[in-house]
Amino acid sequence: MQRPGDALGDVIPFVDLKAQYRSIGGEVREAFAEVFEEAAFVASPFVARFEEDFAAYCGTRHAVAVSSGTCALWVALLGLGIGPGDEVITVPNTFVGTIEAIRLTGAKPVFVDVDAATYNLDHRLLGSAVTARTRAILPVHLFGQTCDLGPILDLARRLGLAVVEDASQAHGAEYEGRRAGSLGAAGCFSFYPAKNLGAYGEAGAVVTDDDELAGRIRLLRDHGAPEKYHHVTFGWNARMDGLQGAALRVKLRHLEAWNEARRRHARQYGELLGEAADVVLPMEAPYGRHVYHIYAIRIPRRDEVKRHLESVGIFCGLHYPIPLHLQAMCVDLGYREGDFPVAEECARTFLSLPIYPELTREQVARVVRELKCSPGMARTG
Ligand SMILES: *Cc1c(COP(=O)(O)O)cnc(C)c1O
């Protein structure tokens with residue numbers, strides 16, 4: 001039973017893509033219909049138009065649409081000439097795709113720990129991670145907030161390293177007024193459905209100001225062929241399909257409003273959770289604009305709280321419970337527990353609360369109410 005003025009009893013999912021579709025379904029179906037009528041599924045003008053719009057949105061000369069975010073990272077690194085014998089520096093608290101892309105080129109991922117306030121790459125640790133084999137730094141803009149890119153870009157310039165931004169969680173985030181993805185040699189985006197800008201399937205993109213790099217990535221995504229049956233290099237089928245291009249172009253028009261809604265929900269969470277004793281809230285760094293892809297708090301008895309919330313129909317996420325340096329797939333890299341204390345502490349204590357544009361003020365209030373009375377939470381007052 002639902003009580004008036006209270007959402008008690010309702011399920012609050014972690015992400016609600018159905019609510020988003022209810023708000024824009026008409027526009028999306030219209031865009032899909034055009035693709036069907038033109039039968040423009042592959043090498044589609046709908047993808048080319050999205051590339052133009054997305055490059056303009058990011059403030060870059062080029063956007064090259066590909067088939068996923070993992071693929072975007074892979075072709076960006078390949079396009080920069082990274083391969084066997086090279087090292088790429090990144091962080092252990094990211095989605096696995098970040099390091100799959102590095103490993104697929106044949107290069108070796110080298111981890112550095114993250115900053116305890118932003119949960120992003122701690123540039124003060126870069127010096128000790130750089131070797132003669134280092135070719136690139138791959139900062140991840142985790143949860144919708146960019147890394148402190150200035151010092152990273154400075155160091156990279158001094159040492160002649162490429163910076164490839166993993167902006168898969170940061171569509172529309174800003175660093176000193178510039179959009180995520182536009183500051184490094186290349187910026188890589190995922191349009192996985194649950195991202196701030198999500199496709200109706202798999203999709204990704206690389207943005208860059210570098211004409212030659214954009215050209216190489218266009219070759220790599222299409223069998224290394226500048227024209228049909230003329231293969232000048234090894235490539236892959238890494239193209240975005242026309243339906244995704246058409247849908248993303250529609251959704252891009254809503255991204256600013258959606259990001260603003262996420263920021264509103266984050267503010268409300270912050271106000272309501274402000275005085276809770278043992279909760280560490282996310283912070284917005286003075287250098288930028290956070291777009292809250294994920295709203296992760298840190299609490300000591302995370303698993304207990306998560307179970308309680310689930311029992312009352314509120315679903316949270318964990319980003320990410322096992323840092324990559326401790327994954328079986330990385331044993332050959334030789335890392336051990338204790339190597340990256342901040343990332344490990346985050347993995348133990350992070351809890352990602354429901355956040356999506358269509359969330360209501362009542363739902364945010366209910367999440368906080370249930371959180372505060374959960375077993376495992378310290379009491380204040
Ligand atoms: C989602 C994500 C990716 C990979 O994206 P896919 O489109 O799922 O391949 C890579 N890195 C980060 C940080 C992500 O969040």
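The chain is numbered in sequence order, starting from 1. All ligand and atom numbering here is 1-based and tracks the order in the structure. Side chains are part of it too, since the values below use all heavy atoms of this structure and drop only hydrogens, waters and symmetry mates.
- A side-chain contact (heavy atoms from CB on, under 4.5 Å) with Leu351 holds for exactly one of Ile299, Val279, Asp303; it is Ile299.
- By the 30° and 60° cut-offs, the orientation of the rings of Phe32 relative to Tyr200 is perpendicular.
- In the hydrophobic clustering, where aliphatic and aromatic side chains (Ile, Leu, Val, Met, Phe, Trp, Tyr) are joined below 4.5 Å either directly or transitively, Val232 groups with Leu219.
- Thr131 meets the side chain to side chain contact (heavy atoms under 4.5 Å, CB included) test with Glu87, Arg133, Thr134; sequence neighbours excluded.
- Following chains of ILVMFWY side-chain contacts shorter than 4.5 Å, one cannot reach Val112 starting from Leu326, and the two form parts of different hydrophobic clusters.
- The hydrophobic cluster containing Leu248, built from Ile/Leu/Val/Met/Phe/Trp/Tyr side-chain heavy atoms closer than 4.5 Å, also comprises Val47, Phe50, Phe54, Tyr57, Phe189, Phe191, Leu197, Val207, Met240, Leu252, Leu255.
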Taking a 3.5 Å cut-off between nitrogen or oxygen atoms, can you list every pair linking ligand 1 to the protein, with distances?
from, atom 1, to, atom 2, distance (Å)
ligand 1, 5 (O), Ser190, OG, 3.1
ligand 1, 7 (O), Gly69, N, 2.8
ligand 1, 7 (O), Ser190, OG, 2.6
ligand 1, 9 (O), Gly69, N, 3.4
ligand 1, 9 (O), Thr70, N, 2.8
ligand 1, 9 (O), Thr70, OG1, 2.5
ligand 1, 11 (N), Asp166, OD1, 3.4
ligand 1, 11 (N), Asp166, OD2, 2.8
ligand 1, 15 (O), Gln169, NE2, 2.9
ligand 1, 15 (O), Lys195, NZ, 3.0

